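Some notes on the structure that comes next.
Just so you know, these numbers come straight off a predicted model, no measurement behind them.
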Amino acid sequence: MKQNKLRTLYEKDMTKKILASLLSILIGLVVGSVIIAAVGFSNPELGASSVWDGIRIVFAGLFSTGRTAAGVLTWGFNSTNFGNMLFRAMPLIMTGLSVAVAFKTGLFNIGAPGQYLMGTLVSLCIALGIPSSSVAPWLIWILAFLGGVAAGALWGAIPGALKAFLNINEVLASIMTNWLAANLVTWMFDISNFKNLVENTKSGYIYKTTYNHVATAKLGLDKLFPNSQVNAGILVAILFAIGMYILMNKTTLGYELKACGMNRHSARYAGIRDKRNIVLSMAIAGGLAGGGAALYYLSGNTEFFWSTYQTLPAEGFNGIPVALLAVNNPIAVIFTAIFMSVLDIAGLQLTNLTAYNEYITDVIIAAIVYLSAFSLVIRMPVSYTHLTLPTIA
């Protein structure tokens with residue numbers, strides 16, 4: 001009886017998806033450990049103790065508190081690491097939702113980096129452009145956040161419209177809008193007055209929003225995680241994840257969006273406006289990516305790096321593995337984004353506390369993404385026990 005229950009549980013599609021993601025994560029961590037071992041044992045100056053320290057950091061870097069005077073790693077609750085982890089997870093939740101929502105509707109939103117940049121541009125221009133002496137800072141924050149969401153939504157709707165009305169592949173259109181956004185943002189900040197010229201060494205940066213007394217509220221999180229960058233933006237991101245889950249699974253609009261993703265032509269035959277829903281899906285995805293940028297830069301912790309040729313932000317691309325590991329479930333995106341930010345913190349700990357480089361965690365993420373692409377093999381095993389041979393009369 002117990003075996004039958006376990007078998008029934010395993011045969012559920014969601015169980016297979018969760019196991020596939022967990023197995024991908026485990027193999028990725030093992031790959032990182034193997035790389036550390038290969039580097040450590042091949043270098044006579046490192047040795048077994050260095051390898052052991054590196055592997056422990058990969059698996060539990062979030063709990064590392066430094067080294068003693070004798071050079072021994074110490075462990076425990078590190079409030080700075082935990083708070084910074086939540087801060088880094090905040091934009092990943094939003095970009096992960098962006099990719100996941102598009103996936104749910106049959107679209108691949110590789111344009112999240114461009115949407116993220118447009119959200120950055122508009123949110124910072126509003127936050128720094130409206131004088132806080134005339135308008136309350138909290139109202140400026142709301143306007144800047146909504147402006148970032150709207151900018152991302154508008155930028156996301158462009159490849160959506162090209163897909164809906166001209167049948168242009170959304171991947172190609174999104175790649176083009178990414179680089180259009182990169183150059184547009186560079187040009188707009190180049191002609192703006194928001195460049196940090198006060199410090200000569202920081203002329204390539206845009207002012208933090210605290211320059212205008214606009215910053216995301218802490219809501220007591222700074223007391224829970226002192227000496228960290230965490231703020232209430234993580235709570236906003238979690239609320240967005242819950243909202244997207246409700247939208248996609250409990251509303252008529254969500255049903256229509258998923259129906260168009262499954263089969264656009266069948267949805268149209270059933271009376272669903274497929275073109276509108278394709279554009280709307282990409283607009284929602286873009287709005288989420290733009291909102292992630294707004295939350296990140298409105299925190300007041302981080303300056304935006306302006307350069308003559310702007311690169312695409314990693315947060316936009318990192319939303320893809322977050323969505324893949326979460327199997328496009330908005331609630332699961334919260335946890336996969338946190339896991340990715342845990343790896344990010346572990347990478348910093350590798351650099352600061354060991355002889356290894358933080359890029360090892362990039363290899364781990366790459367391995368996880370690669371394995372996630374093959375998760376269908378794990379979720380769809382052939383069960384020969386259910387096969388029956390035909391009888392011959």
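- Across all their heavy atoms, Asn178 and Ala112 have their closest contact at OD1-N, 4.4 Å.
- For the pair Tyr356 and Leu46, the minimum side-chain heavy-atom distance is below 4.5 Å.
- Met118 places none of its side-chain heavy atoms less than 4.5 Å from the side chain of Leu154.
- Counting only distance, with no hydrogens or angles, the side chain of Asn212 and the backbone of Val214 share no donor-acceptor pair below 3.5 Å.
- Within 6.0 Å of the CH2 atom in Trp138, the count of heavy atoms belonging to other residues, nucleotides or ligands does not exceed 12.
- Between the CG atom in Leu128 and the CD1 atom in Ile206 there is a gap of 8.0 Å [rounded to 0.5 Å].
- Annotation: side chain to side chain donor-acceptor pair (under 3.5 Å) contacts involving residues 86-106, sequence neighbours excluded, comprise Arg88-Asp344, Ser98-Asn109, Thr105-Ser281.
- Note that CG of Asn169 and CG of Leu107 are 9.5 Å apart. Values are rounded to the nearest 0.5 Å.
- Judged purely by atom type and a 3.5 angstrom limit, Thr177 uses its side chain to pair as donor or acceptor with the backbone of Ser174.
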Please step through side chain to side chain contact (heavy atoms under 4.5 Å, CB included) for the pair Phe304 and Leu117, ending with a clear verdict. CA-CA 10 Å; Phe304 178 72; Leu117 278 175; 4.1 Å; yes
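- In this view, Arg273 satisfies the side chain to side chain donor-acceptor pair (under 3.5 Å) rule with no residue, not counting sequence neighbours.
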Hey, mind stepping through Leu288 and Met244 against side chain to side chain contact (heavy atoms under 4.5 Å, CB included) and telling me if it holds? CA-CA 10 Å; Leu288 290 167; Met244 285 300 105; 3.9 Å; yes
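- Relative ring orientation between Phe103 and Phe108 is described as parallel, the plane-to-plane angle staying below 30° on a 0-90° scale split at 30° and 60°.
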Side chain to side chain contact (heavy atoms under 4.5 Å, CB included) between Glu170 and Ile278, worked out: CA-CA 10 Å; Glu170 74 276 6; Ile278 289 173; over 6 Å; no
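- Counting non-hydrogen atoms of neighbouring residues, nucleotides and ligands closer than 6.0 angstrom, the CZ atom of Phe317 exceeds 12 such neighbours.
- Residue Ile246 is grouped with residue Leu280 when hydrophobic side chains (ILVMFWY) are merged at heavy-atom distances under 4.5 angstrom, including chains of intermediate members.
- A heavy-atom distance below 4.5 Å is not found between the side chains of Phe240 and Ile93.
- Considering OG1 of Thr210 and CG of Asn301, their distance stands at 8.5 Å, rounded to 0.5 Å.
- Each of Ile284, Leu257, Leu247 was checked for a side chain to side chain contact (heavy atoms under 4.5 Å, CB included) with Val101, and the lone residue meeting it is Ile284.
- Between the side chain of Asp274 and the backbone N or O of Cys260 there is no donor-acceptor pair closer than 3.5 Å.
- Nearest heavy atom pair, residue Met282 against residue Gln115, reads CE-NE2, 4.5 Å.
- Here the shortest heavy-atom pairing between Pro313 and Pro113 reads CG-O, 3.6 Å.
- Looking at Lys275, its side chain never comes within 3.5 Å of a backbone N or O of Phe165 through a donor-acceptor pair.
- Transitive grouping of hydrophobic side chains (ILVMFWY, heavy atoms separated by less than 4.5 Å) keeps Ile36 and Leu26 in distinct clusters.
- Ile191 and Phe189 fall within a single hydrophobic cluster, where Ile, Leu, Val, Met, Phe, Trp and Tyr are joined by side-chain heavy atoms under 4.5 Å apart, directly or via other members.
- Contact detail for Ala173 and Ile168: the closest heavy-atom pair is CB-CG2, 4.5 Å.
- The minimum heavy-atom distance between Arg276 and Glu256, with the atom names listed, is NH2-OE1, 3.0 Å.
- Evaluated for a side chain to side chain donor-acceptor pair (under 3.5 Å) with Thr216, the options Trp141, Tyr296, Tyr297 yield exactly one hit, Trp141.
- Thr120 places none of its side-chain heavy atoms less than 4.5 Å from the side chain of Val185.
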Please determine whether side-chain hydrogen bond (donor to acceptor under 3.5 Å, both in side chains) holds for the pair Thr68 and Thr74, giving the CA-CA distance in whole Å, both sets of side-chain angles, and the decisive distance to 0.1 Å. CA-CA 7 Å; Thr68 63; Thr74 57; over 6 Å; no
What verdict does the side chain to side chain contact (heavy atoms under 4.5 Å, CB included) test give for Leu343 and Phe339, after you've listed the backbone C-alpha separation in whole Å, the side-chain angles of each residue and the deciding distance to 0.1 Å? CA-CA 6 Å; Leu343 283 182; Phe339 170 72; 3.7 Å; yes
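- Residues Asn277 and Arg264 fail the side-chain proximity criterion, which asks for heavy atoms closer than 4.5 Å.
- The environment of CZ in Phe77 is crowded: more than 12 heavy-atom neighbours from other residues, nucleotides or ligands sit within 6.0 Å.
- Of the possible polar contacts, none joining the Trp155 side chain to the Gly286 backbone as a donor-acceptor pair under 3.5 Å is found.
- Of all heavy-atom pairs between Asn81 and Ser64, the closest is ND2-O, 3.3 Å.
- Side chains of Ser132 and Ile140 form a contact here, defined as non-hydrogen atoms less than 4.5 Å apart.
- Annotation: the span from Trp52 atom CH2 to Ser33 atom OG amounts to 9.5 Å, rounded to 0.5 Å.
- A donor-acceptor contact shorter than 3.5 Å is absent between the side chain of Asn84 and the backbone of Ser228.
- Linking ILVMFWY residues whenever their side-chain heavy atoms come closer than 4.5 Å, directly or via other members, leaves Leu239 and Leu97 in distinct clusters.
- When atom types are taken as modelled, the side chain of Glu315 and the backbone of Tyr116 share no donor-acceptor pair closer than 3.5 angstrom.
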Phe63 vs Phe82, ring-ring contact (aromatic ring centres under 6.0 Å, His included): CA-CA, chis, key distance, verdict: CA-CA 8 Å; Phe63 298 94; Phe82 270 83; 5.4 Å; yes
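- One distance of note links OG of Ser299 with CG of Leu295; it measures 9.0 Å at 0.5 Å rounding.
- When the side chains of ILVMFWY residues are joined at heavy-atom separations under 4.5 Å, either directly or via intervening members, Phe145 and Ile142 end up in a single hydrophobic cluster.
- Checked by atom type and distance alone, the side chain of Lys250 never pairs as donor or acceptor with a backbone atom of Tyr245 at under 3.5 Å.
- Checking side-chain atoms of Asn352 against main-chain N and O of Leu348 turns up a donor-acceptor pair under 3.5 Å.
- Remark: Ile364 CD1 to Ile360 CD1 distance equals 7.5 Å, nearest 0.5 Å.
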